[in-house]
Amino acid sequence: EAGVTQFPSHSVIEKGQTVTLRCDPISGHDNLYWYRRVMGKEIKFLLHFVKESKQDESGMPNNRFLAERTGGTYSTLKVQPAELEDSGVYFCASSQWGTSGNTIYFGEGSWLTVV
Amino acid sequence: EDQVTQSPEALRLQEGESSSLNCSYTVSGLRGLFWYRQDPGKGPEFLFTLYSAGEEKEKERLKATLTKKESFLHITAPKPEDSATYLCAVTGAAGNKLTFGGGTRVLVKP
């Protein structure tokens with residue numbers, strides 16, 4: 001079974017440019033999450049989708065960040081315009097309620113560097 | 001606001017030298033406490049979920065325990081391949097989002 005996949009794995013962009021990160025959750029997982037770790041800090045929650053609906057977006061830092069989940073399948077996280085402080089690693093995760101509880105599985109991350 | 005504190009920040013062990021990692025938490029209505037392993041350049045890899053005080057889970061050389069205020073991850077007779085950062089996280093009554101601690105970097109030397 002394929003895990004959570006993220007693209008691109010690494011991205012270097014200039015300040016002011018736009019970057020779009022993509023996440024494909026584990027098949028059948030209705031819950032999709034975005035997390036971020038910036039240098040020297042803990043992994044922080046950004047937002048949570050249930051199918052195509054945003055359940056909780058309390059962690060989104062500002063309106064330069066836009067997350068979408070088309071048709072309840074894959075998700076994109078767009079940063080526009082990117083700022084230096086947006087550099088870090090963006091993790092996507094997914095889960096499915098059931099007999100295993102709510103185990104949340106992570107992707108490898110998209111490493112973003114803004115210069 | 002949920003909080004998770006892990007200690008120590010780093011741990012150097014000789015192969016075979018057992019030790020424990022601590023995860024102290026403050027959460028409103030604990031729904032689950034999670035342990036993850038993270039290798040450099042990789043995403044967090046799920047290890048365990050604990051749901052209630054007194055619960056214990058084991059996987060190979062790892063054993064996780066839970067009390068009302070903290071969790072321990074015991075590493076028994078570690079091997080070099082156990083070297084990684086171990087992350088603790090909780091979900092509370094506020095929702096499904098994970099609140100992470102800073103992690104413990106474990107280095108096991110042969």
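Everything numeric here is computed off the predicted structure, so don't read it as measured data. Chain A is the first sequence line, chain B the second, and so forth, proteins listed ahead of strands; every chain is numbered from 1.
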Testing the basics here: between [X] and [Y], what is the closest heavy-atom pair and its distance to 0.1 Å?
X      : Y       : result
K97(B) : F45(A)  : CB-CD1, 3.3 Å
G43(B) : E108(A) : N-OE1, 3.5 Å
G41(B) : W111(A) : CA-CZ2, 3.8 Å

Give a yes or no on this: more than 12 heavy atoms of other residues, nucleotides or ligands lie within 6.0 Å of atom [atom1] of [X].
X      : atom1 : value
F7(A)  : CZ    : no
E9(B)  : CD    : no
R12(B) : CZ    : no
E17(B) : CD    : yes
K57(B) : NZ    : yes
K54(A) : NZ    : yes

*Hey, are the side chains of F106(A) and L87(B) touching, using non-hydrogen atoms and a 4.5 Å cut-off?*
no
*By a 4.5 Å heavy-atom criterion (distance strictly below it), what part of S9(A) contacts chain B: side chain, backbone, both, or neither?*
neither
*Is any residue of residues 20-39 of chain B within less than 4.5 Å of chain A by heavy atoms, and which ones?*
R31(B), F34(B), Y36(B), Q38(B)
*Any donor-acceptor pair under 3.5 Å linking the side chain of Y33(A) with the backbone of L98(B)?*
no
Under 4.5 Å between side-chain heavy atoms, hopping through other hydrophobics if needed: is there a path connecting [X] to [Y]?
X      : Y      : result
L32(A) : V89(A) : no
Y90(A) : L47(A) : yes
Y35(A) : F65(A) : no

